[in-house]
Amino acid sequence: MRIKLINPNTTQSMTDLIGDAARAVAAPATEILAVTSRSGAASIEGHYDEAMSIIGLVDEIMDGPAADAYIIACFGDPGLLAAREISGAPVFGIAEAAMHAASFVATGFSVVTTLERTRIIAEQLVRNYGMQHHCRRVRATDVPVLELEKPESNARAIILAECERALSEDRSEAIVLGCAGMADLAHYLEDRLQVPVIDGVVAGVKFAEAIVGMGLKTSKRGDLAYPLPKTYRGKLAGYAPE
Ligand SMILES: O=C(O)C[C@H]1NC(=O)NC1=O
């Protein structure tokens, strides 16, 4: 099967890191196609960045070789429901996938993400996904997304310390990494924390393999049916549903 992993920000180095994490766990028969959005923000850190990322995400679903499943590799799961509308193939957001994976291996988990403003967005996702009974707390580290890959940011140590506080203060038994750019930290953290540390990229790949393997596709009844044909005007005229 082919899984298309879409980084909706426009930073290729993050896509490379995400693709490596996905390929490390993909089954031998799974092809991982990791792509970077061709339009939008270098990093997605807020509602406006998320909104502006959706056209680039849609382009990646509409263009190029068809995939058996799509993964939105951004912890805000931007455009997840719109992507499910336009795709027959299953679409996964890494936040939703990571939270469900954590709920299978721990009674309670904490999310450790980047900025305070994305912490608030992640809290909204917890409620949207019905994870209030499993997620003990969402924590911010104040490490900007693009600083994660810079050794001088000391991101590893900062994130490890926040995870340790989560285990001691939140009564959590697992950690969800709240940014696709943390995908390379899961083993480092798990070795030191001795609890499950879930990266949504990995969770997304394995859930995609399972759902596709079950022969399931996105329901085209109700709100996830293909968009209604209509006229679009202005800059988005070319995106009119046919
Ligand atoms: O909101 C965040 O901090 C995480 C989110 N932003 C981004 O560009 N990739 C992400 O996973």
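As the structure lists them, so they are numbered: ligands from 1, and atoms in each ligand from 1.
Using modelled atom types, no side-chain atom of Asn7 and backbone atom of Ser37 make a donor-acceptor pair closer than 3.5 Å. Within the 3.5 Å criterion, the main-chain N or O of Ala66 finds a donor-acceptor partner in the side chain of Arg2.
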Every pair of nitrogen or oxygen atoms between ligand 1 and the protein that is under 3.5 angstrom apart - can you list them with their distances to 0.1 Å?
| residue | atom | partner | partner atom | Å |
| --- | --- | --- | --- | --- |
| ligand 1 | 1 (O) | Ile44 | O | 3.3 |
| ligand 1 | 3 (O) | Thr114 | OG1 | 2.5 |
| ligand 1 | 6 (N) | Ile44 | O | 2.7 |
| ligand 1 | 8 (O) | Asn9 | ND2 | 2.9 |
| ligand 1 | 8 (O) | Ile44 | N | 2.8 |
| ligand 1 | 11 (O) | Phe75 | N | 2.9 |
| ligand 1 | 11 (O) | Ala180 | N | 2.8 |

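Listed by chain and residue number, Arg119 satisfy the salt bridge (Lys or Arg N to Asp or Glu O under 4.0 Å) test with Glu123 (two or more places apart in sequence, or in another chain).
Clustering of Ile, Leu, Val, Met, Phe, Trp and Tyr side chains at separations under 4.5 Å places Tyr48 together with Met52. In the hydrophobic clustering (ILVMFWY side chains linked at under 4.5 Å, chained through shared members), Val143 is joined by Val112, Leu148, Ile158, Ile159, Leu160, Leu167, Ile175, Leu177, Met182, Leu185, Tyr188, Leu189, Leu193, Val195, Val197.
Of the N and O atoms on the side chains of Thr141 and Glu162, not one donor lies less than 3.5 Å from an acceptor on the other residue.
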